[in-house]
Amino acid sequence: MNELNSVASSSRTSNGGVGNHSNNNDDAYSTSIASAASPNTRRSAPALATTSLRSPRRVWYCALFISSLIAMGSTFEAVKMQRRYTAPTIAATPTQKWSVASITLTFLLTFLTLSLQLTSPSQSTKYLHGTKLEMGLLLLLSGFTCSSVGTATNPASGMAVNASGGISFGNLFYSTWASFISAMGGLLSFLRTERGLDVSSELSSRGNRFRSWAVLIVVTLIVMGSSASCYDARCDIDELLYNNNEGLRPVKYCRRAAFGVSAGCIGCVASLAVVAMRISCATMTPEGRANRTIFVIEGVLSVVLFGIFGFAVAYVTSEKGPGAPLGNLYYSSWVAFALTFFVATSCFEEFQAAKSMILLGRQQPPPPQSEQYSDVEREALNSEANSIGMSDHGTPYNNENASLAEREDSQVGQSSSASSGFSQRVTGSVGEVQI
């Protein structure tokens, strides 16, 4: 009876312990619910929602808004100054009209986009953020800003630069370039976050020299376009007017502008060819001769371009050249020269590294034919071989079998060392193109 009472009391005690434990859990859960529903949490929830609805390209839109505002005001002022020196009966030129229209549309589209993001983040996320509409908007903004740069920095139009290619209106010149960079930054951000195409990482993963070749394509295009614009502004005149006024056409200026066009064209084609070969033909391993051929072509072209743009900097940006004043041609010529110098030095360093690797491989001594053991070690090996032979075959392991085993081991060692040397030759590579 006493045993039954003790069992009952223990069961009640255990049930009470479980009940107390469950009550503690319920109190903890209710406390967590209360803390989750506290006023501080309720106030922080909208902030978190607002943060998640913020566009990752808001910084680019803000930069484009400010730069396009400055560019629009400067464009109006430049057109007003040009109209002051023309007769009132002469209408505005198509270049002036398009310059005003493109930068004005850029400002209005950017202003509407920012207003929608600030006033209604949920609607902006639903209809604009990450959609095809935003991609079309960014493409449109990039096109408008690119045309603004072209019309404002063209020496023939005379808005931000004069007829010689020098900057005459700094606010318009730099603000249009800032607008174009902001629009391209927004477009690249969209491709990275919404389409998974990270252009910067793709360029960086292939090496610094590959990235320099890609940038050189754009820079040489600017050199070619700026030189062509300078040539059209001062050299492409009527032949009858040139024959009647022989001193009107600056011969040195025109020759240097023509050389700038040629240098830009050669640099653009060569850079594009190298980038295409690196993308389509280069392999991740040094097997074959494709990587070596690409490296040889890359090295030769880098030296040739370095010489061309080294001469172009001295010839085009001289006192009587079209790149003498500060402008697109001046900056792009120096940037192209710096990029070709970096590419040429990178190729030379990789060539020296590959040469050192080859010489180091030749200077390494050949692997030993057989391992030399001392007398004590040889006796220990023979005794061990005899014991193994007795346990396996029941016959002693004689010296002839031991010598045969030693020859087999030496052959295996030679083959393994040769295979390891072959693997080092195959996997040992250097450079961005694995030569």
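Counting begins at 1 with the first residue of the sequence. Here the structure is a predicted model, which is why all the values come from computation and not from measurement.
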**Heavy-atom closest contact (Phe309 atom, Thr220 atom, distance)** = CZ-CG2, 3.6 Å
**Asked** Is there a donor-acceptor pair under 3.5 Å between the side chain of Ser205 and the backbone N or O of Glu202?
**Response** yes
**Message:** Would you say that Phe76 contacts Thr104 through its side chain, given a criterion of any heavy-atom pair below 4.5 Å between the two side chains?
**Reply:** yes
**Request:** Can you see which heavy atom on Ser74 is nearest to which on Phe169, and at what distance?
**Result:** O-CE1, 3.3 Å
**Asked** When rounded to the nearest 0.5 angstrom, what distance separates CG in Leu141 from CE in Met184?
**Response** 11.5 Å
**Message:** Give me the atom names and distance for the closest heavy-atom approach of Ser179 to Ser67.
**Reply:** OG-OG, 3.1 Å
**Asked** Any sub-3.5 Å donor-acceptor pair from Ser302's side-chain atoms to Gly299's backbone N or O?
**Response** yes
**Request:** Could you go through the side-chain contact (heavy atoms from CB on, under 4.5 Å) check for Val343 and Leu216 one step at a time?
**Result:** CA-CA 10 Å; Val343 169; Leu216 191 60; 5.6 Å; no
**Request:** Would you check if Ser120 and Ser122 make a side-chain contact, meaning some heavy-atom pair closer than 4.5 Å?
**Result:** yes
**Request:** With the side chain counted from C-beta on, respond yes when His129 and Pro56 share a heavy-atom pair under 4.5 Å apart, and no when they do not.
**Result:** yes
**Request:** Please check if the distance between the ring centroids of Phe337 and Phe306 is under 6.0 Å.
**Result:** yes
**Arg256 NZ/CZ over Tyr315 ring centroid, <6.0 Å and within 45° of normal** = yes
**Request:** Test disulfide (SG to SG under 2.5 Å) on Cys254 and Cys235 and set out the steps.
**Result:** CA-CA 6 Å; Cys254 297; Cys235 304; 2.0 Å; yes
**Request:** For the residue pair Ile279 and Phe210, establish whether any side-chain heavy-atom pair is separated by less than 4.5 Å.
**Result:** yes
**Asked** Can you check whether Leu197 reaches Phe190 side chain to side chain, under 4.5 Å on heavy atoms?
**Response** no
**Prompt:** Between Phe259 and Phe311, does the ring centroid distance fall short of 6.0 Å?
**Reply:** yes
**Asked** Under 4.5 Å between any side-chain heavy atoms of Ser200 and Leu188, yes or no?
**Response** no
**Request:** Evaluate the criterion side-chain contact (heavy atoms from CB on, under 4.5 Å) for residue pair Val199 and Arg192; output intermediate values, then yes/no.
**Result:** CA-CA 7 Å; Val199 179; Arg192 182 180 65 254; over 6 Å; no
**Asked** Do you know the tightest heavy-atom contact between Ile181 and Trp60?
**Response** O-CZ3, 4.1 Å
**Complete:** By side chain to side chain donor-acceptor pair (under 3.5 Å), Ser148 pairs with (sequence neighbours left out) Ser102
**Message:** Pairing donors with acceptors under 3.5 angstrom, does anything connect the side chains of Thr153 and Asn328?
**Reply:** yes
**Donor-acceptor pair, side chain of Arg278 and main chain of Ala273, under 3.5 angstrom** = no
**side-chain contact (heavy atoms from CB on, under 4.5 Å) between Gln96 and Thr93, worked out** = CA-CA 5 Å; Gln96 294 173 347; Thr93 61; 3.0 Å; yes
**Request:** Give the intermediate values and the outcome of side-chain contact (heavy atoms from CB on, under 4.5 Å) for residues Phe65 and Thr113.
**Result:** CA-CA 10 Å; Phe65 173 76; Thr113 303; over 6 Å; no
**Item:** CZ/Phe341: more than 12 non-hydrogen atoms of other groups inside 6.0 Å
**Value:** no
**Message:** Using modelled atom types and a 3.5 Å cut-off, is there a donor and acceptor pairing between side-chain atoms of Ser271 and backbone atoms of Gly267?
**Reply:** yes
**Request:** For Thr176 and Leu172, work out which heavy atoms get closest and say how close.
**Result:** OG1-O, 2.8 Å
**Asked** What is the minimum heavy-atom distance between Tyr253 and Pro322, and which atoms define it?
**Response** CE1-CA, 3.4 Å
**Message:** What's the separation between atom CH2 in Trp98 and atom CZ in Phe144, rounded to the nearest 0.5 Å?
**Reply:** 5.0 Å
**Item:** Heavy-atom check, side chain of Leu105 versus side chain of Leu140, under 4.5 Å
**Value:** no
**Request:** For Arg57, check salt bridge (charged side-chain N to carboxylate O under 4.0 Å, His left out) against everything at least two apart and list the hits.
**Result:** Glu134, Glu194
**Asked** Between Thr345 and Phe342, is there a donor-acceptor pair closer than 3.5 Å when you use the side chain of the first and the backbone of the second?
**Response** yes
**Request:** Rounded to the nearest 0.5 Å, what's the gap from CG on Leu187 to CG on Leu137? Could you check?
**Result:** 10.5 Å
**Fill in**
d(Ile103 CD1, Leu108 CG) to nearest 0.5 Å is 10.5 Å
**Separation of Gln117 CD from Leu114 CG (nearest 0.5 Å)** = 6.0 Å
**Message:** Rounded to the nearest 0.5 Å, what separates atom CG in Leu116 from atom OH in Tyr127?
**Reply:** 10.5 Å
